[in-house]
Amino acid sequence: MGRELSVVGGGVIGLACALAATDAGWTTTVHDAGPRARATHVAGGMLGCLGEGQPGEDRLLDLSSQSAALWPDFLGRLGDPAVHTASDSILMAASGTDFAYLDDQVAFVRDRLPAASLRRSTGSELRRAEPSLGRGLAGGYLAEGEGAVDNRLLIDALAAALRASGGQVVDATVDDPTELPGDRVLIAAGLGSAALAGAGVPVHGEKGEILRLRRTRWSVPPPRHVIRGRRHGRPVYLVPRADGVVVGATQYEAQGPDDRRPQAVGVADLLADAIAVMPGLSSYELVEAAAGIRPCSADGLPIVQRIDDRMLVATGHGRNGIALAPWTASRVMELLA
Ligand SMILES: Cc1cc2nc3c(=O)[nH]c(=O)nc-3n(C[C@H](O)[C@H](O)[C@H](O)COP(=O)(O)OP(=O)(O)OC[C@H]3O[C@@H](n4cnc5c(N)ncnc54)[C@H](O)[C@@H]3O)c2cc1C
């Protein structure tokens with residue numbers, strides 16, 4: 001069996017797979033074009049499973065729940081407690097209509113995952129759990145065990161763990177993956193994977209705007225929970241960081257791979273919704289408004305497969321690539337074996 005692996009792409013998927021391969025004895029090199037076009041760099045970092053469940057996405061929910069079960073060991077392998085920024089989530093609804101939508105979503109999740117820890121709660125029960133929430137909520141659910149990571153620290157921790165185990169990360173844009181050395185080549189280049197892996201791997205981009213807010217000396221502390229809200233039919237989420245929150249995210253078809261500037265309306269909607277959910281955010285500093293492009297497959301499921309005897313691909317993780325990273329790494333290890 002081959003023992004040298006080249007990986008194209010140093011986002012969460014490429015690095016998670018490279019680390020798993022290195023741990024299994026492969027000599028691994030990651031070739032990465034840098035963070036500019038990296039979805040992992042802009043993402044929110046939610047480890048979504050229960051809160052992501054949508055009727056019709058049965059298989060995705062199964063994969064997400066398998067990945068959620070792998071996260072504790074994955075974090076343990078990285079050994080940096082700062083990566084994990086929240087352990088639980090609140091799914092909250094601003095109005096009765098939003099609550100009815102949430103009830104349908106939760107009914108679907110419970111049907112497939114009967115052991116899921118989702119506790120239906122009134123608005124005041126949610127505010128007792130998370131005092132930073134605004135008044136007048138219709139209610140929602142407490143989702144225990146569904147947390148978040150700091151995606152930028154995660155990338156640093158993955159690269160550090162890889163290097164400490166003898167793997168390498170090199171700055172390089174790969175034009176032709178067949179020319180890379182190694183017994184196996186894994187294409188994990190996010191949106192760039194389609195151009196490298198060929199017509200059999202159709203990946204399209206969905207743009208998302210996202211904000212980073214930092215607390216000041218005068219502001220209330222960041223929330224302890226990931227807060228996933230619905231307000232006037234629009235989703236908004238707040239993801240805790242040590243020094244603030246990440247507020248996300250819009251979702252619409254990207255106009256091309258360079259469509260990476262946030263639109264004013266996206267930023268305005270996110271800010272309005274976030275401050276309505278957590279009024280104390282109004283005194284936070286807005287330190288970043290960014291847009292990224294999610295690498296999406298046609299059926300919403302990750303594409304993790306062999307292309308030929310030497311090449312494999314892992315991409316198309318859409319809105320859940322961080323959450324699905326440990327599952328993807330374990331699936332790639334099965335394919336490498
Ligand atoms: C606004 C937003 C919010 C999100 N929030 C979440 C969230 O809360 N939770 C979650 O699970 N997911 C979230 N996602 C989705 C998640 O970010 C992606 O699914 C995931 O990051 C994809 O990882 P990846 O490694 O496949 O791709 P990327 O992170 O895009 O990494 C691909 C890497 O490949 C490199 N590359 C590309 N082409 C080449 C080439 N030819 N040669 C060399 N290198 C190349 C790039 O430079 C890049 O570093 C979000 C996405 C967006 C846009």
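Whatever order the structure lists ligands and atoms in, that order sets their numbers, starting from 1. Computed from a predicted model, the values in this text were never measured in an experiment.
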Give the atoms of ligand 1, by number and element, whose distance to some non-hydrogen atom of [X] is under 4.0 Å.
X	answer
Ile322	10 (C), 11 (O), 12 (N)
Arg294	1 (C), 2 (C), 51 (C), 52 (C), 53 (C)
His31	43 (C), 44 (N)
Met46	7 (C), 8 (O), 9 (N), 10 (C), 11 (O)
Ala172	42 (N), 43 (C)
Thr173	42 (N), 43 (C)
Gly190	26 (O), 27 (O), 32 (C)
Gly292	53 (C)

Considering non-hydrogen atoms of the protein only, which is the closest contact for [atom], and what is the distance?
atom	answer
atom 26 (O) of ligand 1	Ile13 CG1, 3.4 Å
atom 15 (C) of ligand 1	Gly318 O, 3.1 Å
atom 44 (N) of ligand 1	Ala33 N, 3.1 Å
atom 41 (N) of ligand 1	Val174 O, 2.9 Å
atom 21 (O) of ligand 1	Thr40 OG1, 2.8 Å
atom 34 (O) of ligand 1	Gly9 CA, 3.3 Å

Please identify which of these residues, Leu281, Val239, Thr85, meets the side-chain contact (heavy atoms from CB on, under 4.5 Å) condition with Val245.
Leu281

My understanding is that only one of Val332, Leu312, Val313 makes a side-chain contact (heavy atoms from CB on, under 4.5 Å) with Gln305; could you say which?
Val313

Verdict with supporting geometry, Asp98 and Met92, side chain to side chain contact (heavy atoms under 4.5 Å, CB included):
CA-CA 8 Å; Asp98 294 324; Met92 57 134 283; over 6 Å; no

Polar-atom distance check: [X] versus ligand 1, any N or O pair below 3.5 Å?
X	result
Val42	no
Ala314	no
Arg38	yes
Gly34	yes
Ala39	yes
Ile210	no
Ala249	no
Ile293	no
Gly192	no

Strictly below 4.0 Å, N to O, side chains only: are [X] and [Y] in salt-bridge contact?
X	Y	answer
Arg319	Glu57	yes
Glu52	Arg228	yes
Arg294	Glu253	no
Asp32	Arg38	yes
Asp299	Arg59	no

Please confirm whether [X] approaches ligand 1 to less than 4.0 Å, judged on its heavy atoms.
X	value
Gly248	no
Gly45	yes
Asp32	yes
Ala325	no

If you measure from [atom] to every heavy atom of [options], which option wins on shortest distance?
atom	options	answer
atom 17 (O) of ligand 1	Ser64, Ala43, Gly208	Ala43
atom 22 (C) of ligand 1	Gly266, Gly11, Pro302, Pro295	Pro295
atom 5 (N) of ligand 1	Gly44, Pro177, Ala148, Ala189	Gly44

Could you walk me through whether Leu118 and Leu91 pass side chain to side chain contact (heavy atoms under 4.5 Å, CB included), step by step?
CA-CA 9 Å; Leu118 283 160; Leu91 319 183; 4.0 Å; yes

With side-chain hydrogen bond (donor to acceptor under 3.5 Å, both in side chains) as the test, would you mind laying out the steps for Ser64 and Ser67 before giving the verdict?
CA-CA 5 Å; Ser64 302; Ser67 205; over 6 Å; no

Within the 4.5 Å heavy-atom criterion, are Cys17 and Val7 side-chain neighbours or not?
no

Pairwise side-chain contact, Tyr284 with Thr216, heavy-atom cut-off 4.5 Å (strictly under)
no

Might you point out which heavy atoms bring Ala138 and Gly96 nearest each other, and give the distance in Å?
CB-N, 4.0 Å

[X], [atom1] atom: more than 12 neighbouring heavy atoms under 6.0 Å:
X	atom1	answer
Asp176	CG	yes
Asp308	CG	yes
Arg110	CZ	yes

Select one of side chain, backbone, both or neither to describe which atoms of [X] lie under 4.0 Å from any atom of ligand 1, heavy atoms only.
X	answer
Ala291	neither
Leu196	side chain
Leu324	neither
His41	neither
Arg319	backbone

Any salt bridge (charged side-chain N to carboxylate O under 4.0 Å, His left out) pairs touching residues 61-79, not counting sequence neighbours?
Asp23-Arg77, Asp62-Arg112

Ignoring hydrogens and geometry beyond distance, is a side-chain donor-acceptor pair present between Tyr141 and Gln105 at under 3.5 Å?
no

Using modelled atom types only, decide if a donor and an acceptor are shared between the side chain of Asp183 and the backbone of Arg3 within a distance under 3.5 Å.
yes

Distance-only donor-acceptor pairs under 3.5 Å for side chains of residues 263-274, two or more places apart:
residue	atom	partner	partner atom	Å
Asp273	OD1	Arg231	NH1	2.5
Asp273	OD1	Arg234	NH2	3.0
Asp273	OD2	Arg234	NE	2.9
Asp273	OD2	Arg234	NH2	3.1

